[in-house]
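Shown next, in structure tokens, is the structure this report addresses.
Start at 1 and go down the list; that is how both ligands and their atoms are numbered.
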Amino acid sequence: MALFSDLKLNLKILNAIEDVGYKEPTPIQLQAIPAALEGRDVLGIAQTGTGKTASFTLPMIHLLARGRARARMPRSLVLCPTRELAAQVAENFDTYAKNLKLTKALLIGGVSFKEQDTLIDKGVDVLIATPGRLIDHFERGKLLLTGVQVMVVDEADRMLYMGFIPDIERIFKLTPFTRQTLFFSATMAPEIERITNTFLSAPIRVEIARQ
Ligand code: AMP
């Protein structure tokens, strides 16, 4: 049996996982986490239910545990197609990072700009956003994406169906060329393939069969 403790994650993260009660990493976690911890780009082809959210949040938390956020310059970014999914990712962060002092902001419709602006002004480790809302914040001039070290695109195929691909391309171009990218999609439509060829750098491809 594979163990979480075999993945070279920060002890404070391992303790949080133990508290949640997970016994062993899922296949996508086993493959994606070591690659992400090495700094590699990851292309994960997996559905919801495979444990894909932890496969990107756990290594991100590990990488963010060192260092500190600067005002208006988030250190990492997670893009989600819907606000429900973004809120779910935020909950995952809270659960797995509960023993660390990491800050986050959630940029989604229905949450006030003012409250989130205040957080961003102070500096956040993780920004979790839907693409449209992120661009709204960016255009108001209060957010810089040049400090993003890790960027995640979650459920890219849903982004495609919702017409977010131009926004995603724009956001990729606002982040540093040197960022690490963790990209997840349930399917690989040609348009998704094109985006990954353009913006990922020698990714490790992890494909998990439909459950
Ligand atoms: P996801 O595919 O990320 O939407 O995760 C699906 C569900 O699996 C969520 O409820 C997670 O809390 C749960 N989960 C994630 N990783 C594990 C694991 N290693 N063992 C058991 N459950 C897990």
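Sequence neighbours left out, the pairs with a member in residues 80-97 that pass side chain to side chain donor-acceptor pair (under 3.5 Å) are Y22-Y96, N92-Y96, D94-K104.
Inter-residue side-chain proximity for V148 and L174 is flagged as unmet; no heavy-atom pair is nearer than 4.5 Å.
Heavy atoms of other residues, nucleotides or ligands lying less than 6.0 angstrom from CD of E115 number 12 at most.
With sequence neighbours left out, the ring-ring contact (aromatic ring centres under 6.0 Å, His included) criterion links F4 to no other residue. Looking at residues two or more places apart in sequence or on another chain, you find a salt bridge (Lys or Arg N to Asp or Glu O under 4.0 Å) between R140 and D117.
For the pair R40 (side chain) and A202 (backbone), a donor-acceptor distance under 3.5 Å is present.
Residues of the protein with a heavy atom under 4.0 Å from ligand 1 are F4, Y22, E24, P25, T26, Q29, T48, G49, T50, G51, K52, T53, listed by chain and number.
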